[in-house]
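Read through the structure below, which is laid out as structure tokens, and then see the notes.
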Amino acid sequence: MAKSIVSAVLEKLSSLLMIPGEIKHNFELALALEEEIGKVIAHFQDIQSVLQDAESKQVKDANVRNWLKKLKDVAYDVDDVVDEWNSEKLKSQIDKEQKGARNFPLLKKMRNSISSFTFQTILYYKIASKLSGVNEQLDSIATEKDRYKFGLEKVVEEPRRLITASFIDDEEVYGRCQETEILVNMLVGNNSSGGGLKLPVISIVGMGGIGKTTLAQLVYNHSDVECHFGKRIWICVSDPFDEIRIAKEILEAFKGESSNLVGKDNILQEIRSHVSGKKVLLVLDDVWSEDATRWEQLKTSLKHCSPGSRILITTRNEKVAIIMGTTSSNLFLLNTLSLEECWSLLSRRAYYGRTREESENLDDIGWKIADKCQGLPLAVKILGGLLRFKRTREQWQNVLDSEMWDFEEAEQDLFPPLFLSYYELPLALKQCISYCAVFPKGMILRKNELIKLWMAQDYLKGVRCEEMEIVGEEYFDELHMRSFFQDFGGDELDSGIMKYKMHDLIHDFLLVLMKTECVMLVNHDSEELKVDLSCERARYGTLFRKEAAPTESNIFRFRKLRSLLIDSSYHDTSSLRLYLPRLFDQLTCLRTLNLSNGLFRNSIEELPDEIGKLVHLRYLNLKNNKKLKELPESLCGLCNLQTLNLKWCDSLKELPCGIGKIINLRHLENDQTNLSLMAIPRGIGRLTNLQTLSLFVVMGNSDASTLGDLQNLIHLRGLLKISGLGAVCDVTEAKKAELENKKGLRTLIFDFTISKGLMSNRWQRDDGRLLEALRPPPCLEELEIWCYSSPTISANWMMGLTKLSRVSLGYCLHLKSLPPLGKLPSLESLYIGGMSRVEKVSVEFLGVEREEILAPSSSLESPSSSVIAFPSLKHLEFEFFDLEEWEDWMPLTSREEHISIMPRLCSLTINSCPKLKALPCYVLHNTSLKQLNISQSPVLSERCRKETGEDWLKISHIPSIMIDCVRIQVNCSSVEEFGVLQFQPLHSSSLSSKNFLKAFSQN
């Protein structure tokens, strides 16, 4: 890690050798600056040449470790000085540009110039003084270095950086077939009575990295287990054992949605009602707590499930298993892999892409390395990932002979191979993975968020002029490929974003590695934070607020922190209000600050002006602070800020007027602020580095941005919602936005409401022309249109969006006919709701041209050449919210029967369509349909009634059918695959029916 920091600082220092022109006339100051900078560079270059040997020797020598710690401290301090210099130069440049644009009198311009010059001179004297102090420290460090007689750095081949988006399939498990069979039988076999216990607890016990979680996953997903249990629930417990969180997750697994219940007793009562009469398998992975009282009440609430239910836990500690209620017969002690199994796993990963001859040449060394892994699968996987990049026999021998196998910092058998793999990482990857020590153990990581945190610490140096975010993706993918991160599945409720975790042992290893740089602080039971004095110069910190009233005054002792993540999972942020001014005043080295709120309604209401003192800040997370009403103008002085997260700050009325000064801002995440945010300030168009702008609000106000201000934001990507389009009368403004040139956009939401959601008078609007002018990029994948007021949607560009996979049309109250969406070749999900004037859905909706309908009658084409409408559609939802016009969904005529319609349809939802008479035959006879949901549509409900309905025989082949919230037909496998749809509406817009009615009522 020391080498990474020194190398990064040296790179930055070289840019300071160019002394600013404004102080060159001050010969004494210019000379002092040049001399001090030169000394620092010379010291670091001299030390850098021995750092490879020093980092290797620190494994056994505590004195060397201490020397490296002092070196890192100085390097961090120099980095702060350089960043302060660059920040002030950037702020000065921004101020000059803004003042130059104003028409000030000459005298005032001269005063401003003199004031700026005086400030700059004072700043440079201050920096020269700081560098002088740094050089004194480096003199001492250099003298101490000579005592250790480090060897000079050898020229070694740097492991090549593999850039790939696909990973080797490493899910095959070696040597666990017998164990899986035994455990499955313990859960579902004839002899699995549990010894007469009401709710038996089966425990998998073994050391870290031995594969407990993997084995539990194999058992959990075994077909016999799936069929035996009516409900399976997986909970990652980790440390500490938070019984309320676990209870909530169990409840959410039953309900399919987040629970708003508070109070442990209420939650446990609700669990009791849900488990009653059900055969349940509950897996509690990674249990550490030896406190039986935390478990007993939760277990009592689970005892009302039906006989045959089981609890399966994984733990490193046999004592924990006994405390959890495991009998000796239900204790499963997991052994290490045999040498042969280790070799099979190692060779599979390490030999990937090699010829047989190359592999055989490495076999003898490979077997010896496999033996050193001591039967631990995680160690084998990590070393296999390392050896993939070692092409020669000599490189493999170096791994076998490395001193890292003697690493004795902690009593962990897995640490030597971990240290070996870490030591071989490129410098940039070492920084990235080391930073992850700041996260709590077991924390779920989202790739994009982690990349922003790395970016804030300046770890992502692009080559070939790559964007930092692209470099971050490559770094993450390589660390994932080397098994430092593990897949944790996609998040259906968060646009399918992949989630990841670190294995506990890797987290433990990183904490050892970063023990003097990373601190975890917990305020608990009103006790004062206990601070290890040796960590006062820590750079990365996490504060866990277990108590509502903060007692964290000791946090102000960590003045060198570059990253502070404040965890408010237990209590809202409102109690931080009194502490924030002092925090901003004293922790001025911060690059990253997370002040996000938990799922609480209460929160801080404002940020103090002192936020402007955090000149180094790159990342500010204020997510879920639901009472935050405004941001101070001083925030706009943070010229280094890259990420500002305001998601779910749904009381925020406006952004600061000077936001255009934050010229390095790349991600403005303001999702879910559309009901409060009145406008976007005019300066937004100057933020040409913006990649994320979740919400853009249009307002007919001279002080607010217009659509034309989007023109220069050419790097926008991902999702963009434009609300307030109902207030736009000038179509030329929409053309100026040039959305079609923003190739990175994948999702567009057009919301034609005006302020507070109320639609404007139609005589002032022509939404059809406006929509035509808002032509999106051709690579668009998702499109939503809300509150559109024209009678037709005839935008010429829509049918040209060949990659469009998801469409939502909502509350288009004047729309009389649906657009020909059947032409879209990639459309998979379609939501249509709130249409008050649509009376019928006809063949035009299918997007079939007249000549295509007539083609078979005028030619001898075979049936295989039939026209296909909606060729990719899987999910279709009509939701009209009691607007009663729609009566007919037109069937095909005999001339049209050659048309294939929705051949891949999986789910159909019809909600609140009271006049709809019948479903067309091409839906009723669709054999691909797996789920049908009809509610508040009495005519259809009667026709589809089980056994007696007129259409029952036509739909009885559908595995899952729900009529008016009653499931009348269930097929277990289909529910497992498609059941999520009943909880997850197809439309993703924040303007749901509840929000729309709320916005409407505000006016």
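If you read the sequence from its start, that first residue is 1, and numbering goes on from there. The model shown is predicted, which means the values in this text are computed figures rather than measured ones.
Side-chain contact annotation: S574 with N602, donor-acceptor N/O pair under 3.5 Å present. The closest side-chain donor-acceptor pair between H667 and T643, if any, does not fall under 3.5 angstrom. Under the 3.5 Å distance criterion, with hydrogens and angles disregarded, a donor-acceptor pair is assigned to the side chains of S694 and D671. When only modelled atom types and interatomic distance are considered, T573 and R545 share no side-chain donor-acceptor pair under 3.5 Å. No side-chain donor-acceptor contact under 3.5 Å links Q642 and R666.
Distance OG1/T542 to CG/D567: 8.0 Å, rounded to 0.5 Å. Atom CG in L450 sits 7.5 Å away from atom SG in C432 (nearest 0.5 Å).
The side-chain heavy atoms of L565 and L593, taken from C-beta on, include no pair separated by under 4.5 Å. In this structure the side chain of I451 reaches within 4.5 angstrom of the side chain of K447, judged on heavy atoms. Looking only at side-chain heavy atoms (C-beta outward), N624 and S596 stay at 4.5 Å or farther from each other. Within the 4.5 Å cutoff, no side-chain heavy atoms of C649 are placed close to those of K626. No side-chain heavy atom of N670 sits less than 4.5 Å from a side-chain heavy atom of F696. Residues L564 and L583 are in side-chain contact: their nearest non-hydrogen atoms beyond the backbone lie under 4.5 Å apart. You'll find the side chain of K248 stays beyond 4.5 Å of the side chain of D242, heavy atoms only. Using a 4.5 Å heavy-atom threshold, the side chains of V615 and T588 count as separate.
Of all heavy-atom pairs spanning C518 and V438, the tightest one is SG-CA, 3.7 Å. Listed here is the closest heavy atom pair of D609 and S634: O-OG, 2.8 Å.
R582 has no carboxylate O lying under 4.0 Å from a charged side-chain N of E610, or vice versa, which leaves the two without a salt bridge. No salt bridge links R562 with D458; every basic N to acidic carboxylate O contact stays at or beyond 4.0 Å. Contact check on E517 versus R539 returns no salt bridge, with no Lys/Arg side-chain nitrogen under 4.0 Å from an Asp/Glu carboxylate oxygen. Ion pairing between a basic and an acidic side chain is recognised when a charged N comes within 4.0 Å of a carboxylate O; D77 and K560 show such pairing.
Shown are H715, K452, Q691; of these, the side-chain hydrogen bond (donor to acceptor under 3.5 Å, both in side chains) with E469 is made only by Q691. Applying side-chain contact (heavy atoms from CB on, under 4.5 Å) to I663 and the options T688, N640, L90, L641 leaves one that passes, L90.
Using a 30° and 60° split on the angle between ring planes, F556 and Y579 fall in the parallel class, below 30°.
When ring centroids are compared, Y475 and Y459 stay outside the 6.0 Å threshold.
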